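Note on naming: letters A, B, ... go to the chains in the order of the sequence lines (proteins, then strands), and numbering restarts at 1 for each one. Everything quoted here is computed from the prediction, not taken from an experiment. The figures that follow rest on heavy atoms only: side chains count, while hydrogens, waters and symmetry mates do not.
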Amino acid sequence: MTNANLSYVREEMLAPQDPPLGQTGVIRWLRENLFSSWLNAILTILSVWFVWTVVSHLFPWFYNSIWSGGSLNECREIRDATLGEGASAACFAVISDRWQQLLFGFYPSDGYWRPILALFLFLGSIMPVLFAALPRKLLLGTAAAPFVLVWLLWGGSIWVAVSVALGFVAGFIAYRVVSSSIGSSLLAILAAIAAPILYWSVLHGPVSGAFSGIIPIELPKVQSKEFGGFTLSVIIGIAGIVLSLPLGILLALGRQSNLFLIKYVSVGFIEVIRGVPLIAWLFTASLLLNYFLPPGTNFDLMLRVIIMVTLFSAAYIAEVIRGGLAALPRGQYEAADALGLDYWLSMRLIILPQALKISIPGIVNTFIGLFKDTTLVVFIGLLDPIGLAGAIRASTDWQGIYWELFIFIGLMFFIFCYSMGRYSLYLEKKLQREHR
Amino acid sequence: MKKTIFLGALTVAGLAATAASASTLDDVLARGKLNCGVSTGLAGFAAPDANGVWQGFDVDMCRAVAAAVLGDPMAVEFVPTTGQTRFTALASGEVDMLARNTTWTFSRDVDLKFEFAGTNYYDGQGFMVPTSLGVSSAKDLDGATVCIQTGTTTELNLADFFRSNNISYEPVPIETNAEALQQYNAGACDAYTTDASGLAASRATFENPADHIILPEIISKEPLAPLVRHGDNQWGDIVRWTLNALITAEELGVTSANVAEHAAAAGDNPEVNRLLGTEGELGAMLGLSADWAVKAIAAGGNYGESFERNIGSSTPIGLARGLNALWTNGGLLYSPPFR
């Protein structure tokens, strides 16, 4: 029975071993993701080759960038001296030489703080609108912001801006008084329109003049012609965005209205504006209006462009919001009626909050498009960043430089558009518009 | 019918515009600034420098007029205009004059109702080719691919030239000058054609300018001229004679350096005296002060000085005087006499 101790199975455990080399770590990942079949292997190799070609050309160009020098030829001399003849190097000296111009156009250089402060003021004043967590009292500041910003950018006496703002206050008071005493909302709206017009045509001049006489607070005036570069793009873009949203909402509601006139005026406006390219409207603003306006009237070109851009984007916004309105179930409208709300209350409390929530991606999309479309003003002779790039290239110092300018301009636009896109994502997440 | 009404309204608006505008000179004096239409950017002719101050050959013309009228060469509001907006800007009164390397043609003068105030630069269409192509005359370009900007007179001139010389070519149509140069440098075409001044300016910015030559043939006439609206002859005269004053000053040897000295007292040369207002009443006839030409010359120098500073052989653009030399030096610049 000497064999009784023999066992058929091992008595001790085998030490665990590493998995085969091909089934672990990087190699496994590579095999699964990049070389899982012949086709994928070929595609992988081709992609790597492509990426390598692009990077190997672009990296030295960026890495060797030259940031000092007064002209393209100086750039080339520096490059030849430090890197050897014909090396690939970007000449970003053009940016360090002309960045003020690209950002501010011909804005007086001792006033550069004004557009910068205006941008921060704008961002600050828009915060209570964008983030509901902030106290609602701040909205008063938001309402005052447009007047402060216009005064800051164009200069002049602060009392002109204050007095213009008083006109809106007069309208608001007229609305309150009429609606509480007579109770007719139509009359109240008419009063709210009439009061500011009366105020502006009669009292505006004396009021602003009197206050300027007593407490003169003035900034040096800046003409619209002196605006340029990103200041111009951002002003046109922001003014267009801020003005076109309310106008677009009104147009979308108008298009759904049961009133014949309002409905077909809205439809006609939207279809006509949307059916013609923006560049054609810009040419209308800059060329055709000149013939119709009486000579000597100085209707600011920048204002004309802002109006055209606003109308154009309002038509698109209206259609985006109409999509949101159409997506609401009929029951929502009926529920609002059943509660006894009038038209404006039901829109404000029930319909629009839901419709706008649905339309957020579309609205932000339109705004991003609008902001980038501001570069079209180059065709009517306004010097936006693209136009200034042309003007900079026209100086003998920088003729023949292309990519560096366009990369800078592209980067600036990307920063603005990307932040808008991120905000829209944040808003969507917060409002959770999907039915869970 | 509706169209007629529309056109009628346009005409009325146009007539009203003509009738209502006071004299341009009064407008400019009241405003204290000259509105001058320039290019949005053309090397050597008009471009803002790093401080945002406009510089260039066309810009100097604006400054000379501003100096003559207002006494201050910096009292100019430059309005950048594109090829499309330039004529409307002038016709609608947005600018008082246009100095935007605009070719003087029959239809622009007669049909568009402008008044050209004399040529300030005689240009012409030329060709640029790489030296390696081994071509020395445009007539050797048989079968060549030629980069050309679309929608310009240069396109038509090119077709005319090749047809009249019985040789063939293949056009590569391109939208802008910058793009055309990229294409040319990338070898997409054998030759690039545009105004000779533009060719020279572009060639100067190449990495190796010596690798490219500008062929001797000039195949078109492009007299570039400042222009004003029809109907205000006094203003037209002011611009025309400011240009003539700059040309005459060069002819008489009056420069920005010595103009003050010449103007201090009447000298031996009666024409210099008349030009600078130390003798005669020429300034008053224009409705300007007696020393209008002194200020215009002091602003940017005489024609030759402005040429040398902006586009002449000492600049990177390096244009020779050529046709733009004085008639006494074999060029075309010939100002009527000041008397």
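- In this structure, chain A has a heavy atom under 4.5 Å from the backbone of B:N51, while its side chain stays farther away.
- With a 4.5 Å cut-off on non-hydrogen atoms, B:E77 touches chain A through its side chain but not through its backbone.
- Using a 4.5 Å cut-off between heavy atoms, A:F283 contacts chain B through its side chain alone, with no backbone atom that close.
- Note that CZ of A:F106 and CZ of B:F78 are 10.5 Å apart. Values are rounded to the nearest 0.5 Å.
- If you measure heavy-atom distances from B:N208 to chain A, you find no contacts under 4.5 Å at all.
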Decide yes or no on side chain to side chain contact (heavy atoms under 4.5 Å, CB included) for A:S286 and B:T85, but give the supporting numbers first.
CA-CA 8 Å; A:S286 87; B:T85 62; 4.3 Å; yes
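- There is no contact between A:Q100 and chain B, counting heavy-atom distances below 4.5 Å.
- Both the backbone and the side chain of A:Q399 come within contact range of chain B, judged by heavy atoms closer than 4.5 Å.
- The side-chain heavy atoms of B:N35 and A:K225, taken from C-beta on, include a pair separated by under 4.5 Å.
- Heavy atoms closer than 4.5 Å to chain A are found nowhere in B:V53, neither backbone nor side chain.
- For B:P48, the parts sitting under 4.5 Å from any heavy atom of chain A are the backbone and the side chain alike.
- Heavy atoms closer than 4.5 Å to chain A are found in the backbone of B:F206, but not in its side chain.
- Here the OG1-CD1 distance, from B:T40 to A:I380, works out to 12.5 Å after rounding to the nearest 0.5 Å.
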